[in-house]
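Remarks on the structure that follows.
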Amino acid sequence: MKRLAFVILSMTLFACDGLVKNAQQNIGFDIVELDNQLNEISGLTFDENSNLFAINDEQGIVFQIDPSSGRTIDERYFGKNGDYEGITNTSKGLFVLKSNGDLYPLDIKGKDRFKFPKRNGFDFEGLSYDEQNKQLILACKSHSIKKYKNKVLFYAFDLEKMEYLKKPILTLAHDQVGKNFKPSGLYIQPNGTWFILSSSSRELMIYTMKTADFDKIKLPKRPFQQPEGIVVLKTGEIYISNEKKNGFPNIVKIPRP
């Protein structure tokens, strides 16, 4: 594993009992270089046994990765090649998100996918399990709905009824979060704290649903050349995956201070 230390005066994360607060201190990053087959890593998740899984954008494959070495341990084929942008572990197993909003349940027998009801003008790039509400949350990078012009949208999929909610569960105005903030990754902690990545602005937003409060953290260009996937452990460590771009594909671990 490649270990590199970076000093960032403007970025801090403090984790305590699952609550994340903004602070000012230095952080050391652990960086794991990935195999070339994950050049376009677009999402990652841990299961209940601490196994790490990822997807690689255009391939219908789930890769199991050794989080220490970055080596691919196993591959699981689930569908045809396509634009896959998110993966998450739930009480019903793994789900994969396609950019058009379709969901692929990997562990539900007899069902290959759930089709997003709106078929045009959507580009999704983030998926997370919302444990509190027993639903999946889909982060929309862009859309063509005039009613929600200049807003970032998040849709929900009810895991009890196995259906999409018709209206967005959350909208964030561009003049509030920034016009260049476009979700590329999403993770929701069991306590309800949202971690939203934006690759286009290279930012991490920490959002509290109950109060609608948020903090944004600017990520350095190295090693976060193209942040696309995020998962947060109960112990406070944050894992962010980055596509290759001008460097190598990697997973960056931000340890609990």
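By convention here, the first residue in the shown sequence is residue 1.
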(message) For the residue pair T72 / D35, report whether a side-chain donor-acceptor contact shorter than 3.5 Å exists.
(response) yes
(message) For Y239 together with F46, are the ring centres under 6.0 Å from each other?
(response) yes
(message) Could you measure the distance from the CD atom of Q135 to the CG atom of L159? Nearest 0.5 Å is fine.
(response) 8.0 Å
(request) May I ask you to test the Y148-T171 pair for a side-chain heavy-atom distance under 4.5 Å? (result) yes
(message) Treating E228 as the side-chain partner and G86 as the backbone partner, does any N or O pair qualify as donor plus acceptor under 3.5 Å?
(response) no
(message) Using only atom types and a distance under 3.5 Å, with no angle test, would you say the side chain of S184 pairs donor to acceptor with the backbone of P227?
(response) yes
(message) I'd like to know if the side chain of D66 reaches the main chain of G70, judged simply by a donor and an acceptor atom lying under 3.5 Å from each other, with no hydrogens or angles considered.
(response) no
(request) Answer yes or no: does atom NZ of K115 have more than 12 heavy-atom neighbours from other residues, nucleotides or ligands under 6.0 Å? (result) no
(message) When you compare the side chain of M209 with that of L170, does any pair of heavy atoms fall below 4.5 Å?
(response) yes
(message) Just to verify, what does K161 make a side chain to side chain contact (heavy atoms under 4.5 Å, CB included) with, not counting sequence neighbours?
(response) D158, E163
(message) Closer than 3.5 angstrom, by distance alone: can the side chain of T90 be matched with the main-chain N or O of K92 as a donor-acceptor pair?
(response) yes
(request) Could you list all the ring pair (Phe, Tyr, Trp, His ring centres under 6.0 Å) pairs where at least one residue sits in residues 84-120, not counting sequence neighbours? (result) F78-Y84, F78-Y104, Y84-Y104, F114-F157, F116-F122, F116-F124, F116-Y155, F116-Y164
(message) Taking I206's backbone N and O only, do any of them form a donor-acceptor pair with D215's side chain (distance below 3.5 Å, no angle check)?
(response) no
(request) Determine yes or no for a side-chain-to-main-chain donor-acceptor pair under 3.5 angstrom, with T45 supplying the side chain and N89 the backbone. (result) yes
(message) I'd like to check the side chain to side chain contact (heavy atoms under 4.5 Å, CB included) partners of S144; sequence neighbours left out, ordered by chain and number.
(response) none
(message) Are I87 and L127 packed together at the side-chain level, in the sense that at least one heavy-atom pair is separated by less than 4.5 angstrom?
(response) no
(message) Looking at N120, I want to see if its CG is surrounded by more than 12 non-hydrogen atoms of other residues, nucleotides or ligands under 6.0 Å.
(response) no
(request) Output all residues satisfying side-chain hydrogen bond (donor to acceptor under 3.5 Å, both in side chains) with D107, sequence neighbours left out; order by chain, then residue number. (result) R76
(request) First locate atom CG of L204, then atom OG of S198, and finally report the distance between them rounded to the nearest 0.5 Å. (result) 10.0 Å
(message) With a 3.5 Å distance limit and no angle check, can you tell me whether Q132 reaches the backbone of N191 through a side-chain donor-acceptor pair?
(response) yes
(request) Name all pairs fulfilling the salt bridge (Lys or Arg N to Asp or Glu O under 4.0 Å) condition that reach into residues 141-150, sequence neighbours left out, sorted by first residue then second. (result) E125-K141
(message) Whether the side chain of N49 engages the backbone of N51 through a donor-acceptor N/O pair (distance < 3.5 Å, no angle test) should be reported.
(response) no
(request) Report yes if some heavy atom in the side chain of L94 is under 4.5 Å from a heavy atom in the side chain of V96; otherwise report no. (result) no
(request) State plainly whether the residues E203 and K218 are in salt-bridge range, i.e. N to O under 4.0 Å. (result) no
(request) Return the set of residues passing side-chain hydrogen bond (donor to acceptor under 3.5 Å, both in side chains) with S50 (not counting sequence neighbours), or none when no residue passes. (result) none
(request) Please lay out, stage by stage, how W194 and F154 fare under the test ring-ring contact (aromatic ring centres under 6.0 Å, His included). (result) CA-CA 12 Å; W194 291 40; F154 297 83; 5.5 Å; yes
(message) Would you say CG of N81 has more than 12 non-hydrogen atoms from neighbouring residues, nucleotides or ligands within 6.0 angstrom?
(response) yes
(message) Rounded to the nearest 0.5 Å, what separates atom CD1 in I217 from atom CE in M205?
(response) 11.0 Å
